[in-house]
Structure formats: C-alpha cells, structure tokens
Amino acid sequence: MRIFVTNDDGIDADGLAMLREVMREFGEVIVIAPDNERSAVGHSITLGHPICFRRVIRGGELFGYAVSGTPADCVKLGFCEILKEPVDLLVSGINRGSNLGINAFYSGTVAAALEGTVFKVPSMAISADSYEDVSFPDVGRIMRAILPEILECRKETGWNFLNINIPNLPPEKLVGVRPAQMNCSGFEENFQRHVDPRGNRVYWITGGLTPLEETEGDDTLLIRQGYVTVAPMKLDLTDHEVLKKLNTLDFSPKTRK
Ligand code: MN
C-alpha cells in the first residue's frame, strides 16, 4: 500500500513525524506537507502567487516534501506534480487540537483529507484532542491499535472520508472507538476586544470550544466520554431531500403581461 501523508501544522510538526512513523508500518509513505503551520485555513488554495516545493532530508533519508502553500495546495500539487505513482490512501494529521463538529469546516487537516477524496483516494483526517500537552507517542499507540480494523472495514462499508478524533488519554484509559456524527449545533461564539497602540479596536476569536447542544452520537460528546470518534463524511454537500422537492417545481421564467 502507498500512503500520502500530509497535515496543516507544517512539515516540522511532531504530529506529522508520528503519523509518518505509524503509517510506515502499513505501507510506503510519501509526506507532502506545508512548509510551516497553516492551521484553520480550511480548504483555501493559493491563486495570487506561485507555490514551490523542496525535498526535506532527515537522518540521511528523504523525510518528505515541503510545499509553500496550504494543505489543499499540498494535496493538489502532490497528486499532479510530486507523486510519481498512484496512492491507495491519504492520511492528514496528527493535528494538534481536535476537529470536532463544525470545526471540520475551518480545519486545514480535514480539508486536506477532503481534497484527497476529490482525487478519488480514500482519506482520513486524524486529530488529537489537546493543544498544549498532546502525547504523540500515546496517540501513535492508539492509532496502531485501531487502524487495522478501520482500514479493513472499508471493503464492507465503502467509506471514502473519515474524520477521526483521538482523546488525549494514555491507551489504557481509552474507553473505546465509536462511529460518530458531526455535531452541527455550532459553538458558543466569543471575541475578546482589545485596543491597538493606534487606538483601533481589534478582536481575537476566543470562542469555538463549547458546543451549543449535544445529542447522543455526537462527536463532541463521545470524545469527552473517552472514545476515539470516527465520523464518516462526504464531499457532496447537496441537500438531496430539498433537491428532490426543488425538482418538482417549475422555475422556468414567467412572462408577465
Ligand atoms: Mn493544525
């Protein structure tokens, strides 16, 4: 198996090195990642200036390719220009910080995996539920334990895109692994207001951590209960029910007298 590994925390991130190490136990790994941190850039791509890439050598061997662009740029450039042969799987992460609920939309980690599905490659985003004190060796151990089953079940379930979040717990404290739905209730939104040295008001986003509501099966709830959450997602944002109803209506231009 050939595996495309990327992230949004950048080529030097500890989570990327751990992901590379773990995925090498499953196949041949090619790392193509942003040259520095591009968290929360969502699915943005670079149009206003050119991008380039360089080879990154570590310990005398090729570690990967660093791209001067966003996570989605990395995936596009990877598939179109850097990779010499097709890959069987794309994995994005291990992100420092969870990507639960609607945060999936802001996440560069999730966007990179979604971009993988644009290229028709089964893709996973993997995030650790902590910013400051992530134990990547523990996350790596959890991944080694759960990935064989997750990869195996693709035959049965046909998943194309999984958003996986891992609680920041030692593997022995983990409660289990649960399929989850994306909590779409939104988050409490907050800004902190400051005044800059020139007297202008400036704002820092400080919200986005507390979901407004939770129901059984939500990724935000399950992770707090100590589960790894596996949320299957799709590229297609179409509301098929509404589309069906819209198709029963007549939208042809009405001529008025
Ligand atoms: Mn990140």
Side-chain angles (χ1 to χ4, degrees), residues 3-23 29-46 51 53 56 63-78 89-118 123-140 142-143 161-169 180 182-183 187 189-190 204-211 219-220 223-224 228-231 233:
I3 307 162
F4 187 148
V5 163
T6 189
N7 77 344
D8 78 355
D9 291 340
I11 193 85
D12 295 320
D14 294 342
L16 182 71
M18 179 52 66
L19 181 61
R20 178 178 180 269
E21 194 183 312
V22 171
M23 295 320 296
V29 168
I30 307 97
V31 172
I32 306 172
D35 58 1
N36 58 45
E37 190 181 343
R38 300 295 206 300
S39 289
V41 301
H43 214 129
S44 67
I45 54 170
T46 304
I51 56 174
F53 73 89
V56 176
F63 176 84
Y65 301 87
V67 177
S68 65
T70 66
D73 287 334
C74 290
V75 176
K76 280 187 194 298
L77 193 69
L89 178 71
L90 182 147
V91 192
S92 176
I94 305 164
N95 190 56
R96 187 180 286 279
S98 61
N99 283 305
L100 298 157
I102 57 165
N103 285 318
F105 280 107
Y106 313 123
S107 164
T109 307
V110 173
L114 189 56
E115 188 66 30
T117 71
V118 173
S123 301
M124 298 189 285
I126 300 182
S127 308
D129 187 27
S130 176
Y131 291 94
E132 272 95 41
D133 58 346
V134 185
S135 168
F136 285 110
D138 280 343
V139 177
I142 291 171
M143 283 182 59
F161 175 27
L162 298 178
N163 182 25
I164 299 175
N165 282 274
I166 298 179
N168 194 35
L169 294 171
M182 177 182 173
N183 180 336
F187 288 84
E189 304 286 357
N190 283 302
W204 286 93
I205 291 184
T206 54
L209 295 174
T210 316
D219 53 359
T220 54
I223 202 149
R224 271 193 288 110
V228 171
T229 62
V230 179
M233 295 186 170

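Every heavy atom of this structure was used, including side-chain atoms; hydrogens, water molecules and symmetry mates were not. In listed order, ligands and their atoms are each counted from 1.
Using a 4.5 Å heavy-atom cutoff, the side chains of V5 and L16 are in contact. With a 4.5 Å cut-off on side-chain heavy atoms, L89 and M124 count as touching. At least one side-chain heavy atom of F4 sits under 4.5 Å from a side-chain heavy atom of I32.
Because the distance cut-off is set at 2.8 Å, S127 fails to qualify as a neighbour of the Mn ion (ligand 1), as none of its N, O or S atoms comes that close. Here N7 does not reach the Mn ion (ligand 1): none of its N/O/S atoms is less than 2.8 Å from the metal.
Of all the N, O or S atoms in D8, the one closest to the Mn ion (ligand 1) is OD1. Looking at D9, its N, O or S atom nearest to the Mn ion (ligand 1) turns out to be OD1.
A distance of 4.5 Å separates CG in L114 from CZ in F161, rounded to the nearest 0.5 Å.
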